**Student:** 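There's a structure below that I have some questions on.
Note that this is a predicted model, so its numbers are computed, not measured. We name chains A, B, ... by the order of the sequence lines, and we start the count at 1 in each one.
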Amino acid sequence: GEDVEQSLFLSVREGDSSVINCTYTDSSSTYLYWYKQEPGAGLQLLTYIFSNMDMKQDQRLTVLLNKKDKHLSLRIADTQTGDSAIYFCAERPRNTGFQKLVFGTGTRLLVSP
Amino acid sequence: EAQVTQNPRYLITVTGKKLTVTCSQNMNHEYMSWYRQDPGLGLRQIYYSMNVEVTDKGDVPEGYKVSRKEKRNFPLILESPSPNQTSLYFCASSLGGGLQETQYFGPGTRLLVL
């Protein structure tokens, strides 16, 4: 299957860390992605990780990949109000010939002052 | 400025009245794609195109048509819209369909079918 699941909602206070989780079912996926959607806008690629990596860090963003459990997470350090958005994880399953980008349901992050 | 544009941004129509949503990119990208976004379902791919005159179905192609006569344009056609096609639609493009390719998304078209 190609289902990618996320929790729908996360609320944090400004300055805290946020952790957004994602589970996927297709172990053949080679790349996994995190996209951000701000209100009224399209999706913007935040970061991606190759399946042979466990962790990738990019400034305030840390991506952790647990291939055994098919679990992907995005940690945002020192969360700011400008980080409020919907975050989507996505994968490119090998069994689709890498032609399809399969998205999760999205997690709405609300950052309060 | 590199961008993907969609028109219209908002559209209200009635059941059965044919409509077209245009998508254009100025980055000379080969790969273009249409998605619909619905609450609780995330983004689902409707159609994609690897290059001019090359299109293929995504996950939810029923009720939609596309064409790719030019590299920069990838219109989405609803021949006979129905209320279940009320949704937020996104066009996206990337240089190729490869694993590391970044997809650039348009701003979205919100469609309401009455």
**Student:** Taking only residues at least two apart or on different chains, which pairs with a member in residues 51-67 of chain A satisfy side-chain hydrogen bond (donor to acceptor under 3.5 Å, both in side chains)?
**Tutor:** A:R60-A:D83, A:N66-A:D69
**Student:** When clusters are formed by joining ILVMFWY residues with side-chain heavy atoms under 4.5 Å apart, either directly or through shared neighbours, do A:L43 and B:I46 land in the same one?
**Tutor:** no
**Student:** Taking B:L88 as the starting point, is it possible to reach B:V4 by hopping between hydrophobic residues whose side chains are less than 4.5 Å apart?
**Tutor:** no
**Student:** At a heavy-atom distance under 4.5 Å, which candidate from A:G106, A:G42, A:A90, A:G40 has the highest pair count against chain B?
**Tutor:** A:G42
**Student:** What part of A:Q6 gets within 4.5 angstrom of chain B, counting heavy atoms only: side chain, backbone, both, or neither?
**Tutor:** neither
**Student:** Pair A:L101, B:Q103 - check side-chain contact (heavy atoms from CB on, under 4.5 Å), show working.
**Tutor:** CA-CA 10 Å; A:L101 194 59; B:Q103 286 209 28; 3.6 Å; yes
**Student:** Find out if a path of hydrophobic residues (ILVMFWY) with successive side-chain heavy-atom gaps under 4.5 Å connects A:L61 to A:L64.
**Tutor:** no
**Student:** Anything in residues 6-29 of chain B with a heavy-atom distance to chain A below 4.5 Å? Please list those residues in order.
**Tutor:** B:R9
**Student:** Counting heavy-atom pairs under 4.5 Å to chain A, which of B:G108, B:P107, B:S33, B:G58 comes out on top?
**Tutor:** B:P107
**Student:** What are the residues of residues 62-70 of chain B, in order of number, with any heavy atom under 4.5 angstrom from a heavy atom of chain A?
**Tutor:** none
**Student:** Grouping I, L, V, M, F, W and Y whenever their side-chain heavy atoms are under 4.5 Å apart, do B:V54 and B:Y48 come out in a common cluster?
**Tutor:** yes
**Student:** Around atom CZ of B:R110, are there more than 12 heavy atoms from other residues, nucleotides or ligands closer than 6.0 Å?
**Tutor:** no
**Student:** Should A:Y35 and A:Y24 be counted in the same cluster of Ile, Leu, Val, Met, Phe, Trp and Tyr side chains packed under 4.5 Å apart?
**Tutor:** yes
**Student:** Considering residues at least two apart in sequence or located in another chain, which fulfil the side chain to side chain contact (heavy atoms under 4.5 Å, CB included) criterion with A:S112?
**Tutor:** A:R13
**Student:** With a 4.5 angstrom heavy-atom cut-off, which part of B:Y35 approaches chain A: side chain, backbone, both or neither?
**Tutor:** side chain
**Student:** Examine whether an atom of B:L43 lies under 4.5 Å from a heavy atom of chain A, and if so say whether it belongs to the side chain, the backbone or both; otherwise answer neither.
**Tutor:** both
